[in-house]
**Q** 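My structure is below; once you've seen it, I'll send some questions.
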Amino acid sequence: LEGLKERGGRLKPTSFVPGAAYEDVMRAFGGRGFVAKNSLELAEVCSKVFSESPVRPSLVNVIIDPQDGKESGNLGHLNPATPASKL
């Protein structure tokens, strides 16, 4: 919840809160909610969701390591200093 105080205590609509049960929100609205903590669980859940007939709205809360993919956010030095439109 970094930066929450600076925004007047409000979360951005795109903020994800670690440990939140998003799958329960889906269930509350009549859909199906699942949790997947690894690739095997994700494959099982996807198989279950797509084999149902008729297909119902479903949400899979995929738990990932917060450190995975960190490097993708640190590539700013590779961006051109001049916007492409001005080249």
Side-chain angles (χ1 to χ4, degrees):
L1 300 180
E2 298 171 25
L4 188 59
K5 192 179 248 185
E6 294 81 29
R7 290 189 298 276
R10 296 182 310 272
L11 287 173
K12 292 180 183 178
T14 56
S15 295
F16 291 100
V17 179
Y22 297 106
E23 66 281 2
D24 288 341
V25 175
M26 181 55 104
R27 289 184 196 122
F29 285 96
R32 292 172 39 159
F34 302 92
V35 176
K37 297 178 183 166
N38 56 53
S39 58
L40 179 63
E41 289 179 2
L42 181 59
E44 290 172 359
V45 167
C46 288
S47 177
K48 190 183 300 185
V49 167
F50 293 117
S51 67
E52 183 181 61
S53 182
V55 175
R56 290 185 0 207
S58 300
L59 178 139
V60 182
N61 187 0
V62 180
I63 310 301
I64 60 171
D65 184 331
Q67 297 303 311
D68 284 353
K70 272 283 196 207
E71 66 280 357
S72 65
N74 297 322
L75 299 175
H77 66 284
L78 298 176
N79 294 334
T82 304
S85 62
K86 295 188 178 192
L87 293 177

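Because only heavy atoms are used, hydrogens play no part in the values below, and waters and symmetry mates are left out as well, while side chains stay in. None of the values given here were measured: they were computed from a predicted structure. Residues: numbered from 1 along the sequence shown.
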**Q** For the pair S51 (side chain) and S47 (backbone), establish whether a donor and an acceptor sit closer than 3.5 Å, ignoring hydrogens and angles.
**A** yes

**Q** L40 and V45: same hydrophobic cluster, using ILVMFWY side-chain contacts below 4.5 Å?
**A** no

**Q** Can you tell me which residue pairs pass the salt bridge (charged side-chain N to carboxylate O under 4.0 Å, His left out) test with a partner in residues 26-35, sequence neighbours excluded?
**A** D24-R27, R32-E52

**Q** Using links of under 4.5 Å between side-chain heavy atoms of ILVMFWY residues, direct or through other members, which residues join V35 in one cluster?
**A** I63

**Q** Measure from the side-chain N and O atoms of S58 to the backbone N and O of R56, and report whether any donor-acceptor pair falls under 3.5 Å.
**A** yes

**Q** How long is the straight-line distance from CZ of F34 back to CG of N61, given to the nearest 0.5 Å?
**A** 12.0 Å

**Q** Apply the hydrophobic cluster definition, ILVMFWY joined by side-chain contacts under 4.5 Å directly or through others, and give me every member besides F29.
**A** V25

